[in-house]
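Heads up: the structure comes next, in structure tokens.
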Amino acid sequence: MTRDWWKHLVLILGTIIVLAPFYMMVSYSFKSPGEIDRGEGGFFGRQEMMIDPRCVALRQPSRADIDAARARFAGQDDASVQAALLAEAEASCSMRPVVFNYSKTFTEAPLVRYLLNGVIVTVSIFLIQIVVALPAAYALAKLKFWGREAVFGLVLFCLLIPVHAIALPLYIGLAKLGLTNTYAALVVPWTISVFGIFLMRQFFMTVPDDLIDAARMDGMSELAIVWRVMLPTAIPALLAFAIFSVVAHWNDYFWPRIVVTGNRDLFTPPLGLREFKGDGDGSFFGPMMATATVIVTPLIVAFLLAQRRFIEGITLSGMK
């Protein structure tokens, strides 16, 4: 009983550690800049009306605005008219912190475009990875040929190579081909996933050989077996791999930051967060956290929808 109690305690502490950043992210997306700086306001903040300083700065009355407003403020001098126009600007720029943060998310930067880029890049990478990984994994799991174990050992070795170690030669090669600042630069380097090959190979090892032999007796070619027999059986493993692949490339900041240097229209969601950097007073931390919340939400929803299949795919991939 005591041992089980400690196990649950460790799990609870681990859960708190994992969820704490998400808690702070969502909480900051509701709060005003002052509440974020002072660390007050609870989870949702007080939601008191605040003034957007950038909005007011853009509405600073010019000489022409003051002259045009004289008819509305008859008998007042220029300073009084200017003060009245500033008061109107402040009133029109007043809003709740949550409205301020999430409106800035979509107006300060073209976040919808960045999200679309993220979808295009992650889906393209995943689909091409599947086209490559399934036949390769089938060959390593079910076909007998000289050097098969050596090839599989090479796959395992490639798992040990960090992307940062090959980033420079990859970038130089893409630059010489003129592919930087293109979708190809974001997609092509990741079309072969050694982790995908390893995961699918482990899953295919659990598929009975009798099923494959029956397909061969029916006259199916090896490629037909891959796509018409193995693919339907591998849906749980594919969903598990999809979670790993999509999360990795949706959240990737390192590689897009290298190959996308001059085209803002190709920014992926993590690069979109850079639109809110540079304020030393932290006044744009709220919109930044709101942007991060919007970026992370699709991944959380996708995982919750595929959770059962994800766990099933990971479990079956480890069985012999």
Side-chain angles (χ1 to χ4, degrees), residues 18 21-22 25 114-137 139-140 150-203 237-275 277 288 291-292 295-296 298-300 302-303 306 310 313-314 317-318:
V18 170
F22 293 96
M25 176 184 71
Y114 300 160
L115 293 173
L116 178 61
N117 289 340
V119 171
I120 293 173
V121 171
T122 54
V123 172
S124 299
I125 290 174
F126 174 67
L127 292 179
I128 300 175
Q129 284 177 338
I130 290 304
V131 171
V132 175
L134 281 181
L140 291 174
V151 173
F152 182 61
L154 184 62
V155 170
L156 294 179
F157 174 75
C158 290
L159 286 173
L160 304 176
I161 301 176
V163 61
H164 308 82
I166 60 174
L168 183 58
L170 279 176
Y171 174 78
I172 293 175
L174 291 171
K176 288 184 177 180
L177 293 173
L179 294 179
T180 55
N181 291 306
T182 63
Y183 282 117
L186 295 169
V187 173
V188 170
W190 317 117
T191 52
I192 299 177
S193 171
V194 290
F195 174 72
I197 295 173
F198 169 75
L199 183 68
M200 299 310 302
R201 186 258 186 189
Q202 295 302 104
F203 183 87
L238 284 177
L239 287 176
F241 176 57
I243 294 294
F244 284 113
S245 176
V246 170
V247 169
H249 297 291
W250 180 272
N251 291 332
D252 187 18
Y253 178 83
F254 173 76
W255 183 250
R257 184 68 182 91
I258 293 177
V259 296
V260 179
T261 57
N263 191 345
R264 194 165 177 252
D265 291 336
L266 290 175
F267 276 13
T268 55
L271 291 182
L273 289 174
R274 297 177 60 237
E275 304 293 321
K277 71 178 181 63
M288 182 182 290
T291 303
I295 292 173
V296 169
L299 299 180
I300 296 176
F303 175 76
F310 171 77
I314 292 296
S317 298

Any side-chain heavy-atom pair of [X] and [Y] under 4.5 Å:
{"X": "M200", "Y": "L238", "result": "yes"}
{"X": "W255", "Y": "L170", "result": "yes"}
{"X": "L140", "Y": "F198", "result": "no"}
{"X": "R264", "Y": "Y114", "result": "yes"}

| Looking at residues at least two apart in the chain, or sitting in another chain, which of them share a side-chain contact (heavy atoms from CB on, under 4.5 Å) with A133? |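 Here the qualifying residues are I197.
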
Spatial distance of atom [atom1] ([X]) from atom [atom2] ([Y]) [nearest 0.5 Å]:
{"X": "I258", "Y": "L174", "atom1": "CD1", "atom2": "CG", "value": "10.5 Å"}
{"X": "L299", "Y": "N251", "atom1": "CG", "atom2": "CG", "value": "5.5 Å"}
{"X": "F157", "Y": "L160", "atom1": "CZ", "atom2": "CG", "value": "6.5 Å"}
{"X": "I172", "Y": "T180", "atom1": "CD1", "atom2": "OG1", "value": "12.5 Å"}

| field | Residues that N181 engages under side-chain hydrogen bond (donor to acceptor under 3.5 Å, both in side chains), provided they are two or more places apart | value |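 Only T261 meet the side-chain hydrogen bond (donor to acceptor under 3.5 Å, both in side chains) criterion with N181.
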
| message | Among L127, V121, V123, exactly one meets side chain to side chain contact (heavy atoms under 4.5 Å, CB included) together with I125. Which residue is that? | response |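 Checked L127, V121, V123 against I125; only one passes side chain to side chain contact (heavy atoms under 4.5 Å, CB included): V121.
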
| query | Looking only at heavy atoms, what is the nearest atom pair of G118 and P269, with distance? | reply |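 For G118 and P269, the tightest heavy-atom pair comes out as CA-CD, 3.7 Å.
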
| message | Show every side chain to side chain donor-acceptor pair (under 3.5 Å) that has at least one partner inside residues 119-137, sequence neighbours left out. | response |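 The answer is Q129-S245.
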
| query | Got more than 12 heavy atoms from elsewhere within 6.0 Å of CZ, F22? | reply |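 Open.
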
| request: Spell out, as yes or no, whether a donor-acceptor pair under 3.5 Å connects the side chain of N117 to the backbone of T268. | output: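 No.
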
| query | Would you find a donor on one side and an acceptor on the other, under 3.5 Å apart, between the side chain of W250 and the backbone of I295? | reply |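 Flag set: sc W250 to bb I295 pair under 3.5 Å.
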
| field | Partners meeting ring pair (Phe, Tyr, Trp, His ring centres under 6.0 Å) with F254 (sequence neighbours left out) | value |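 F254 satisfies ring pair (Phe, Tyr, Trp, His ring centres under 6.0 Å) with H164 once adjacent residues are dropped.
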
| Quick one: ring pair (Phe, Tyr, Trp, His ring centres under 6.0 Å) partners of F152, sequence neighbours excluded? |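 For F152 there are no ring pair (Phe, Tyr, Trp, His ring centres under 6.0 Å) partners, ignoring immediate neighbours.
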
Review item, side-chain donor-acceptor pairs of residues 187-196, under 3.5 Å, at least two apart:
residue	atom	partner	partner atom	Å
T191	OG1	V188	O	2.9
S193	OG	G196	N	2.9

